[in-house]
Novice: 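For reference, the structure I am asking about is given below.
Letters go in sequence order (proteins before strands), and every chain restarts at 1. These numbers come from the heavy atoms of this one structure, side chains and all, not from hydrogens, waters or symmetry mates.
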Amino acid sequence: MLNSLAAISVAYVALLFAVAFFAERAARRGRGNWLRAPIVYTLSLSIYCTAWTFYGAVGSAARNGFEYMTIYLGPSLVLIGWWWVLRKLVRIGRAQRITSVADLISSRYGKSNLLGVGVTLLAVIGTTPYIALQLQSVTLSVEVFGHPGLPGTQGPTSTAFWVAAGLSVFTVIFGTRNLDANERHHGVVMAIALEAIVKLAALLAVGAFVVWGMSGGISGTLERIDASELGHWNVQGGRWVGLMLLSAAAFLCLPRMFQVLVVENDNDTQLRMAAWAFPLYLMLMSLFIVPIAVVGLDVLPEGSNPDLFVLTVPLSQGQDGLAMLSFLGGFSSATSMVIVAAIALSTMVSNHIVMPIWLRFTTGTASVSGDVRHVVLLSRRISIAGVLLLGYLYYAMSGGGTALATIGLVSFTGVAQVLPAMLGGIFWRGATRLGALAGIGTGFVIWLYTLYLPSFGPGVVLPDSFFAEGPFGIASLNPNALFGLDGLDPLLHAVLWSLTLNTVAFFAASLFSFPSPLERLQGAQFVNVTQAPGSARGWTQGVAQAEDLMVMSQRIIGASEAVALFQQAAREQGLDGHLPEPTPAFLQRLERELAGSVGAATAHAMIGQIVGGAAVSVQDLMAVADETAQMMEYSARLEAQSAELSRTAAQLRAANDKLTRLSVQKDAFLSQISHELRTPMTSIRAFSEILRDAQGLSDEEQSKYASIIQDEAIRLTRLLDDLLDLSVLENGQVSLNVGQGLLRDVLDRALAAASANEGERGLEVVRDPVAENIRLHTDTERLSQVFINLVTNARKYCDATAPRLTIRVEPHEDRVIVDFIDNGSGVATESQDMIFEKFARVSDQKAGGAGLGLAICRQIVVRLGGEISYLPGQGGGAFRVILPREFALAAQ
Amino acid sequence: MAGQVLLIEDEPNIIEAIKFILSRAGWDVATHSNGVDAAEVVRARAPDILILDVMLPGRSGYDILRELRDDPGFADLPVLMLTARGQSKDREMAERAGASRFMTKPFANADVLDAVRALTGA
């Protein structure tokens, strides 16, 4: 019997190997569309139904009636409501290349490896007993065949060891075949789908046998159920709700469930089918649980282990074949769970514990020091073996004495601690890393203290006294009655406290902490995954060398895959070669591809090593800072330009003003000329008409009018002479008659000429003949013209009652200064700068001149190499003429 | 019967010429040669017609005319403006200031006489 059992088991395992192998090969050859069929996905979800469900559900029903149904109802609700949670989770998983539940949490909270490690540890601690449970169930079921009717021989056996070893081999072979970024374990999933069918078929077969073979059909079965205690609908509302919640949470958080639900998921269509098909599967699985339990209790002797009724009932009826099928069903349940759990856990351990440590010891050399791919695979394989070894050790140590269902629920509660951080992370952008750490940490500690450690039994880990009066006599810390909450079912008590405090800590710490930039970027991507598949976490371009990235990628995802990936990226960038530019978009895509192999945090770190950036957040901030700096520089440039423009504008304005002034001056000049010409002409015309037309003019009148005409004609001539003179001087066409002369002689001539012109007013002239005795080399004719003008002006404009002009001579080495100072009121300050302009008569008082005198003076003095200026503050009108002694010395 | 003419002009020879022309035609000609107090002189004399030069020492003829036109007593006083600047903008300014007639120097004596006669309606 045992031999045939062993033979059938080996044959079955060989079948699984074959299925996995062919599925894998088909997938590799690209003929794997059917592998992604929604039905395969749905069946793979059946790893939820482990040996615990296969055997334990009947046990649970035998002990607690219909309560086992809660374990099926929770996941069913999750799948029926897939639109809200699962869809989002799956999309995030695909978009971010999430490899495990630890990776999800780590990635969401700023790629925090601390969180990754924490969730990994939690998962390992929570899953190890579960794996032990599977080993135990296989061992027990084998023993049932060895000792029919007398199950329950306990103790570590070689069976458990060999089962663990065999599973290790299978998992290593099909779970770590390759490290494609698109990694999906087609072989494993296919094998699991097959096992799902086997276990369903087995359970249905046993059920059918019990109902129709032993109870005489449905009505007979119903009578039997009614007759037994189980028929009494005995529902503890609180416990039911608690268990449903727990199983729903576990369905999402269990590493193996996350593996098949999210990591292996390919598209939304799979989910859509699973949404109805998987609850149906669960319903079929639970269909015959109660009949089997009732019949088992009826038929088998008192004290038989109800967890093994599925096997022992057919055996007791001599149905060896059916028992064998049932055994295979249980075997399938156990192995599929162990395989997927081992893959999931090994991925987590490898990505979050082994790889970071390995990277730390090889810092900066990830791209050049050996084959990362090899390291990843090796670390996963070792992790798989390690996980199974842990499970085996746990089984060997604990002796497998606890009821199967209890271990399952303890495990569920442990992994459910991830739920608040997971749901909070995908629905609430405000969730922070600190919140996740606080929540998971709090929940983990409470779970350990109130459920996990007590599950070993009082006195094993926690002393008896803890349960009697609380640790150290503190009753409110009693593991079964925290804070005085007494009288609750221990499981419910633990679930309530751990999840409540977990959630509270998560929200509180999230609200009181501030997310890092990377966390916020990731948070936005996770929460908004359904709206915008794009991404905000950019690598900044530039430093990364495409070759380095290529070398690294080859080592992680394999040579041909890496080349294909890089080529495609290069093509998309419009480049011909094999290497794309390391644009932020490409780096991000590459990071995701790598994340599929080594996890988000590790992939990020590895690219970070090559790109040279410590963290994206810093890079992003730098980019932002750069942009800001550029903006500031640009703005500074704009300001400079604007300043230049305003300078230019000011210059233009000045030029325009000057032109306008010039234009005004020209207008004024023409106007002045007109006035100066028309005024004498008016007199001339008027009087010539009078002389012509008027009758009876006296001789005296005739003579007077004729002389007016003559005077005005002379004035007109002088004006024209002045104008011409000025014009010649301004155009530089004047020819100077340079010769030797005494300054005194020039002044004498000028004063004589001036007094000859204007004799009616007495002007006292004060001179210093000694000082005037200076020899000059200049055009004395022109110089005297200047002096005449100045003296005439003094004579005209000095408004003192006793006008006096002081001529002060101040000889210097190479030049001489001649000041003409009168005792009048002088020129008003505002007019001083314009008196040298043409027609600039300071007052409108009749002066006889055309207002050209000073303008001509200035022109002459400048020609002679000197300068003329108004000298303020001399107590009257004062002009200063500075002349070079030697005309030659002056710059002509 | 001709009335009184007030001539405000700073050029002595022109004053003499106009005075001669108008006096011979029977007008009583008073003269003033400063812009500063010209308006007061006009008010004091209250002539039948004012001949006003633009370029006057102390104050421009336009300003004097504007002040007079603002005074109700002289708003309708006939004013003949004389200017030695013959540009059109000078004419515009004169019209805006309220000149009854504008005449550019040099002028024909007969024109002055005709203008005075026309403006006074004599």
Novice: First locate atom CG of B/Asp53, then atom OG1 of A/Thr679, and finally report the distance between them rounded to the nearest 0.5 Å.
Specialist: 7.5 Å
Novice: Is the distance between the ring centroids of A/Phe687 and B/Phe20 less than 6.0 Å?
Specialist: no
Novice: Would you say that B/Lys105 contacts A/Met681 through its side chain, given a criterion of any heavy-atom pair below 4.5 Å between the two side chains?
Specialist: no
Novice: Could you state the interatomic distance from CD1 (B/Ile15) to OG (A/Ser683), rounded to the nearest 0.5 Å?
Specialist: 9.5 Å
Novice: Can you list the steps and then say if B/Arg24 with A/Glu701 is a salt bridge (charged side-chain N to carboxylate O under 4.0 Å, His left out)?
Specialist: CA-CA 14 Å; B/Arg24 295 269 292 201; A/Glu701 279 175 325; 5.7 Å; no
Novice: First locate atom CG of B/Asn13, then atom CZ of A/Arg715, and finally report the distance between them rounded to the nearest 0.5 Å.
Specialist: 8.0 Å
Novice: Check whether A/Leu697 gets within reach of chain B through its side chain, its backbone, both or neither, counting any heavy atom under 4.5 Å.
Specialist: side chain
Novice: Quick one: of B/Ala17, B/Ala110, B/Ser33, who has the most non-hydrogen atom pairs under 4.5 Å with chain A?
Specialist: B/Ala17
Novice: So, the side chain of B/Asn109 versus the backbone of A/Glu689: is there a donor-acceptor pair under 3.5 Å, distance only?
Specialist: no
Novice: If you count every heavy atom of other residues, nucleotides or ligands that lies below 6.0 Å from B/Asp70 atom CG, does the total exceed 12?
Specialist: yes
Novice: For B/Arg43, I'd like to know if atom CZ has over 12 heavy atoms of other residues, nucleotides or ligands within 6.0 Å.
Specialist: yes
Novice: Would you say the side chain of A/Thr682 lies within less than 4.5 Å of the side chain of B/Glu11, judging by non-hydrogen atoms?
Specialist: no
Novice: Determine whether A/Arg678 and B/Thr104 make a side-chain contact, defined as any pair of heavy atoms from C-beta on separated by less than 4.5 Å.
Specialist: yes
